[in-house]
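First the structure, in the form of structure tokens, and then the observations on it.
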Amino acid sequence: MPDQESTIKMPNFQLPLVVDVSSSPLQVGIPQPNGWLRIETDPEQAMEGLFRATQNLFQDQPDDLNAIDAVYYCCGPGSTLSLRLAAAFVKTLLWEAKGRISLFQYNALDLAACMTKESINSIQAPFRMGKRFVRTGKVRAIGQKNVLLEEDALEKYPQSLHLLGPRAIAIEISEAQILKYDLNSVNGLTDLNLVSETAEQPAPYSPEPMTFKKWEGVIPAKK
């Protein structure tokens with residue numbers, strides 16, 4: 001039986017764009033079938049860095065944003081604000097293109113599984129306080145994602161590779177288990193198409209609704 005990579009028909013795009021603000025630095029790039037034409041990164045938040053990185057990406061290039069015919073949007077996990085800003089940016093591109101751009105969406109945990117040659121069974125990333133994302137399943141495929149309590153995630157999946165978050169690590173992770181999230185480690189469209197799904201509009205990844213403490217009707221007295 002042929003493997004998944006050999007059975008997927010590769011789309012033929014002239015100028016695809018990858019928008020990935022799931023990690024720091026944020027990354028934008030122009031993928032090719034087996035690599036990248038160019039990748040730009042920016043250490044700032046998406047509000048400033050995304051537009052600057054995209055501008056740098058097309059600097060000295062024969063084409064510009066108007067020539068894009070496909071966008072690969074990373075839906076997260078990551079900073080909610082950054083993901084929403086990136087989604088707004090992609091929506092603007094789609095609106096101005098008037099149906100000319102194809103949209104694909106992928107999860108950073110699935111793409112991260114393409115960034116290592118090691119044999120892995122799980123990848124973890126920080127979620128909210130005391131919780132972690134755990135991605136399991138085949139490499140170079142859309143895997144299963146769950147949110148577990150931190151202690152359960154570490155106990156059940158001790159051999160996981162870990163993606164770092166914006167905050168300092170509150171748990172001990174060996175250097176060998178930390179996976180650098182770098183688009184340069186991805187085999188361009190070959191990997192992207194194996195972990196992406198078509199979408200009408202970009203939608204940030206939100207596995208659990210936000211919860212807020214209920215107001216008790218009392219305003220604390222000022223000291």
Side-chain angles (χ1 to χ4, degrees), residues 1-8 10 18-29 31-36 39 41 72-79 82-83 86 104-197 199 204-208:
M1 179 181 294
D3 60 25
Q4 185 179 8
E5 293 189 34
S6 63
T7 58
I8 290 182
M10 302 289 286
V18 172
V19 177
D20 195 322
V21 301
S22 65
S23 61
S24 182
L26 63 82
Q27 304 173 80
V28 293
Q32 296 182 314
N34 294 291
W36 297 84
I39 294 174
T41 65
Y72 288 78
Y73 165 73
C74 179
C75 64
S79 161
S82 293
L83 295 171
F104 301 88
Q105 186 161 293
Y106 66 90
N107 189 291
L109 292 167
D110 289 325
L111 193 63
C114 302
M115 295 180 179
T116 176
K117 296 180 180 179
E118 296 181 34
S119 177
I120 58 173
N121 60 7
S122 58
I123 292 179
Q124 296 189 31
F127 185 38
R128 296 172 190 153
M129 186 67 69
K131 294 184 178 181
R132 295 186 71 74
F133 291 106
V134 179
R135 187 263 186 206
T136 56
K138 295 181 179 180
V139 175
R140 289 175 173 79
I142 296 175
Q144 182 176 357
K145 274 80 69 177
N146 294 296
V147 175
L148 301 179
L149 292 174
E150 194 169 82
E151 55 268 30
D152 292 339
L154 298 174
E155 180 181 350
K156 293 180 180 179
Y157 301 95
Q159 302 302 318
S160 291
L161 293 182
H162 295 260
L163 297 178
L164 300 180
R167 300 182 182 87
I169 302 176
I171 56 177
E172 285 192 19
I173 301 175
S174 69
E175 190 71 26
Q177 287 183 272
I178 295 176
L179 178 59
K180 182 180 179 182
Y181 190 82
D182 185 358
L183 292 184
N184 283 293
S185 301
V186 174
N187 193 24
L189 290 169
T190 296
D191 286 343
L192 282 163
N193 286 323
L194 294 173
V195 300
S196 299
E197 296 178 295
Y205 181 53
S206 182
E208 290 184 354

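- F133 places a side-chain heavy atom less than 4.5 Å from the side chain of V147.
- Applying the side-chain contact (heavy atoms from CB on, under 4.5 Å) rule to D182 yields the partners Q27, K180, N184, S185; only residues at least two apart in sequence or on another chain are considered.
- The nearest pair of heavy atoms linking L189 to P31 is CD2-CG, 3.7 Å.
- Minimum interatomic distance between L83 and Y73 (heavy atoms only, all atoms of both residues): O-OH, 2.9 Å.
- For Q32, the side-chain contact (heavy atoms from CB on, under 4.5 Å) criterion is met by L37, not counting sequence neighbours.
- The shortest heavy-atom contact between L179 and A112 is CD2-O, 3.4 Å.
- A search for side-chain hydrogen bond (donor to acceptor under 3.5 Å, both in side chains) contacts involving S119 returns nothing, not counting sequence neighbours.
- Summarising the geometry, atom CD belonging to E155 is positioned 13.0 Å from atom CD belonging to E150; distances are rounded to the nearest 0.5 Å.
- In this structure the side chain of H162 reaches within 4.5 angstrom of the side chain of L154, judged on heavy atoms.
- The nearest pair of heavy atoms linking V19 to V28 is CA-CG1, 4.3 Å.
- Atom NZ of K156 is separated from atom OG1 of T136 by 11.5 Å, given to the nearest 0.5 angstrom.
- In this structure, A113 and V139 approach most closely via the heavy-atom pair O-CG1, 3.0 Å.
- When all heavy atoms of A199 and Q105 are compared, the pair lying nearest together is CB-CB, 4.4 Å.
- From L148, atom CG reaches atom CZ of F127 across 11.5 Å, with rounding to the nearest 0.5 Å.
- Put simply, CG on L164 and CD1 on I178 are 4.5 Å apart, with the number rounded to the nearest 0.5 Å.
- The distance from atom CD1 of I123 to atom OH of Y157, rounded to the nearest 0.5 Å, is 13.0 Å.
- In terms of the side-chain contact (heavy atoms from CB on, under 4.5 Å) criterion, residue partners of L111 (sequence neighbours excluded) are, by chain and number, D20, Y106, M115, Y181, L183, V186, L192, V195.
- The salt bridge (charged side-chain N to carboxylate O under 4.0 Å, His left out) contacts involving residues 112-127 comprise nothing, where partners must be two or more places apart or lie in separate chains.
- Here the straight-line distance linking atom CH2 of W36 with atom CG of N187 works out to 10.0 Å at 0.5 Å rounding.
- Residues satisfying the side-chain contact (heavy atoms from CB on, under 4.5 Å) criterion with N107, sequence neighbours excluded, are C75, P77, L109, D110, K145, Y205.
- Residues satisfying the side-chain hydrogen bond (donor to acceptor under 3.5 Å, both in side chains) criterion with Q124, sequence neighbours excluded, are R132, S160.
- Counting heavy atoms from C-beta outward, L149 and K131 have side chains that approach closer than 4.5 Å.
- Checked against side-chain hydrogen bond (donor to acceptor under 3.5 Å, both in side chains), E197 has no partners two or more places apart in sequence or in another chain.
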